[in-house]
Amino acid sequence: MEAEKLKILTQILGYPKRQGQDEYYFTCPYCNHRNKKFAVNFKKDAHCWHCDSRHKNIYRIVRKFGTYQQRQKYLELQGRLDLKKFEDLFKELNNVEEKQKIDLPDEFISLCNKDLPMDSTDAFRYLSSRGIGRREILKWKIGYCKEGRYGGRIIIPSIDSDGDCNYFIARSYVGHQRRYLNPPTDRDIVFNELNIDWDEPIILVEGVFDAIAAGENAIPILGSTLREKSRLFQAIAIHDTPVYMALDKDAEKKAEWIIKSLLKYDLEVFKIPIDDADVGEMGSEEFNQRLLSARQIQSEMYFFEQMLENI
């Protein structure tokens with residue numbers, strides 16, 4: 001089987017130089033270094049010693065650079081689901097209606113500006129209390145409204161892959177009884193897709209403040225669950241992106257349902273040990289420590305363990 005996989009990679013990347021028993025060195029498809037620096041070990045991973053591009057799942061190289069037939073053949077060798085099933089199931093994703101666009105509130109004031117009014121102090125103070133500093137404010141393009149329908153609320157916009165705003169979160173920073181007052185529009189989006197790298201693992205969290213705490217490539221699900229026909233689920237499946245689950249302890253049932261759905265499409269799923277903590281209240285250092293302790297979920301064993309825990 002390894003010989004067949006090697007044959008497919010050779011068709012895509014050219015003839016390799018073998019080193020030792022298990023490693024093959026190809027021309028790197030990312031940096032095209034003149035020397036063969038892209039080391040592939042079918043038992044471990046693929047890694048370029050020049051540009052540091054790496055993949056634990058070697059199929060990602062085939063998916064990114066290979067033909068449809070090569071992808072099909074590699075999946076067959078892995079014993080994975082037929083790629084055609086994905087394309088049939090999610091073909092509507094490429095034929096969707098016009099993308100959703102919304103305007104930010106007229107009273108929106110960006111906290112990314114250099115010159116800000118004095119009343120921005122309360123907004124900054126609230127964000128600071130949640131561990132959100134200048135770097136996060138700039139990355140997430142955070143602002144606030146002092147007046148109007150969203151007065152006294154932090155505004156966090158979602159920017160789609162074309163650079164347009166398609167949703168925003170409005171969270172009170174002055175003690176409103178209703179903490180969130182979000183726009184009355186569809187939440188079936190990939191929040192801040194502009195910043196998502198589908199070739200790298202993503203972290204699924206519940207809310208936007210959790211995503212800010214989780215750091216790079218974190219996506220809030222913005223709802224009670226993650227439906228298979230949602231744009232986020234479809235994007236994950238089509239890109240074959242590894243998923244790290246980081247839902248709070250009180251969302252355990254929700255997490256189990258999402259995990260089952262992801263495993264059904266043969267996606268790589270890892271669970272980050274959150275325990276009784278709140279992702280949004282963790283510092284980045286603590287979250288990254290928990291991220292290092294994430295374990296990959298093997299379908300049969302995971303649900304067997306869950307069953308034992310509930311006895």
Side-chain angles (χ1 to χ4, degrees), residues 100-159 165-192 195 203-216 218-226 232 246-255 272 274-288 290:
Q100 174 173 294
K101 294 182 185 179
I102 65 169
D103 294 322
L104 290 171
D106 291 338
E107 299 84 3
F108 175 79
I109 300 172
S110 174
L111 290 171
C112 301
N113 295 334
K114 289 184 178 180
D115 298 318
L116 288 165
M118 289 295 296
D119 59 32
S120 65
T121 303
D122 291 338
F124 275 119
R125 186 180 295 117
Y126 171 78
L127 291 172
S128 179
S129 73
R130 302 203 60 160
I132 297 172
R134 187 69 178 170
R135 179 179 179 275
E136 290 79 19
I137 289 170
L138 292 172
K139 176 185 175 182
W140 291 83
K141 302 173 178 60
I142 299 174
Y144 74 107
C145 289
K146 183 64 177 178
E147 301 174 336
R149 173 176 170 78
Y150 299 98
R153 296 183 183 275
I154 296 293
I155 305 296
I156 306 177
S158 167
I159 309 300
C165 181
N166 58 5
Y167 196 73
F168 62 83
I169 296 295
R171 208 290 186 190
S172 173
Y173 65 89
V174 295
H176 287 105
Q177 185 175 358
R178 185 177 177 183
R179 291 185 301 168
Y180 288 92
L181 182 62
N182 301 328
T185 189
D186 196 349
R187 290 190 296 181
D188 184 18
I189 60 166
V190 179
F191 198 94
N192 251 2
N195 292 333
I203 302 171
L204 285 187
V205 295
E206 289 187 78
V208 174
F209 285 94
D210 295 330
I212 295 173
E216 298 298 323
I219 307 176
I221 61 176
L222 297 181
S224 59
T225 190
L226 183 62
L232 175 53
L247 272 59
D248 293 342
K249 186 68 174 179
D250 59 5
E252 191 65 32
K253 292 296 181 184
K254 182 195 304 185
I272 301 172
I274 300 302
D275 303 320
D276 293 325
D278 185 311
V279 175
E281 294 178 359
M282 288 183 194
S284 59
E285 185 175 342
E286 180 183 352
F287 183 83
N288 286 332
R290 292 174 183 259

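Values reported hereafter were calculated over all heavy atoms of this structure, with side chains retained and with hydrogens, waters and symmetry mates removed. Quick note: residue numbers are just sequence positions, from 1.
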(request) Indicate the atoms forming the closest heavy-atom contact of Pro157 with Cys165, along with that distance. (result) CB-SG, 4.2 Å
(request) Output all residues satisfying side-chain contact (heavy atoms from CB on, under 4.5 Å) with Glu281, sequence neighbours left out; order by chain, then residue number. (result) Asp278
(message) Side chains of Cys145 and Ile109, heavy atoms from C-beta outward: is any pair under 4.5 Å?
(response) no
(message) List the residues meeting side-chain hydrogen bond (donor to acceptor under 3.5 Å, both in side chains) with Ser110, not counting sequence neighbours, and say none if there are none.
(response) none
(request) Would you check if Val208 and Asn192 make a side-chain contact, meaning some heavy-atom pair closer than 4.5 Å? (result) no
(message) Using every non-hydrogen atom in the two residues, find where Ser158 and Asn166 come nearest and quote the distance to one decimal.
(response) OG-OD1, 2.7 Å
(message) Do Ile272 and Val279 have side chains that approach each other closer than 4.5 Å (heavy atoms only, starting at C-beta)?
(response) no
(request) Tell me, please, which residues at least two apart from Ala214 pass side-chain contact (heavy atoms from CB on, under 4.5 Å). (result) Ile203, Val205, Ala218, Phe287
(message) Going by the rule ring pair (Phe, Tyr, Trp, His ring centres under 6.0 Å), which residues pair with Tyr150 if we only count those two or more places apart in sequence or in a different chain?
(response) Phe168
(message) Going by salt bridge (Lys or Arg N to Asp or Glu O under 4.0 Å), name the residues that satisfy it together with Arg135, two or more places apart in sequence or in a different chain.
(response) Glu216
(message) If you compare all heavy atoms of Ile142 against all heavy atoms of Ile132, which two are closest, and at what distance to 0.1 Å?
(response) CD1-CG2, 4.2 Å
(message) Determine whether a donor-acceptor pair (N or O, by modelled atom type, separation under 3.5 Å) exists between the side chain of Ser172 and the backbone of Arg153.
(response) no
(message) Restricting to side-chain hydrogen bond (donor to acceptor under 3.5 Å, both in side chains), what partner residues turn up for Glu286, sequence neighbours left out?
(response) Arg290
(request) Please tell me if the side chains of Ile137 and Cys112 come closer than 4.5 Å, counting only heavy atoms from C-beta onward. (result) yes
(request) State the CH2-CZ distance between Trp140 and Phe209, to the nearest 0.5 angstrom. (result) 10.5 Å
(request) Kindly give the heavy-atom pair with the smallest separation between Glu206 and Pro220, and that separation in Å. (result) O-CB, 3.7 Å
(request) Indicate the atoms forming the closest heavy-atom contact of Leu247 with Lys254, along with that distance. (result) CD2-CD, 3.6 Å
(message) According to salt bridge (Lys or Arg N to Asp or Glu O under 4.0 Å), who are the partners of Glu136, at least two apart in sequence or on a separate chain?
(response) none
(request) Check for a donor-acceptor pair, side chain of Gln100 on one end and backbone N or O of Asp186 on the other, with a separation under 3.5 Å. (result) yes
Show me the donor-acceptor pairs within less than 3.5 Å that the side chains of residues 177-184 make with the rest of the protein, sequence neighbours left out.
unit_1 : atom_1 : unit_2 : atom_2 : d
Arg178 : NE     : Tyr180 : O      : 3.2
Asn182 : OD1    : Ala170 : N      : 2.8

(message) For Asp210, give me all partners under side-chain hydrogen bond (donor to acceptor under 3.5 Å, both in side chains), at least two apart in sequence or on another chain.
(response) none
(request) State, with a plain yes or no, whether a side-chain heavy atom of Leu232 is found less than 4.5 Å away from one of Leu204. (result) yes
Scan the side chains in residues 115-126 for donor-acceptor partners under 3.5 Å anywhere in the protein, sequence neighbours excluded, and list what turns up.
unit_1 : atom_1 : unit_2 : atom_2 : d
Asp119 : OD1    : Tyr144 : OH     : 2.4
Ser120 : OG     : Pro117 : O      : 2.8
Thr121 : OG1    : Met118 : O      : 2.9
Asp122 : OD1    : Arg125 : NH1    : 2.8
Tyr126 : OH     : Arg130 : NH1    : 2.9
Tyr126 : OH     : Arg171 : NE     : 3.2

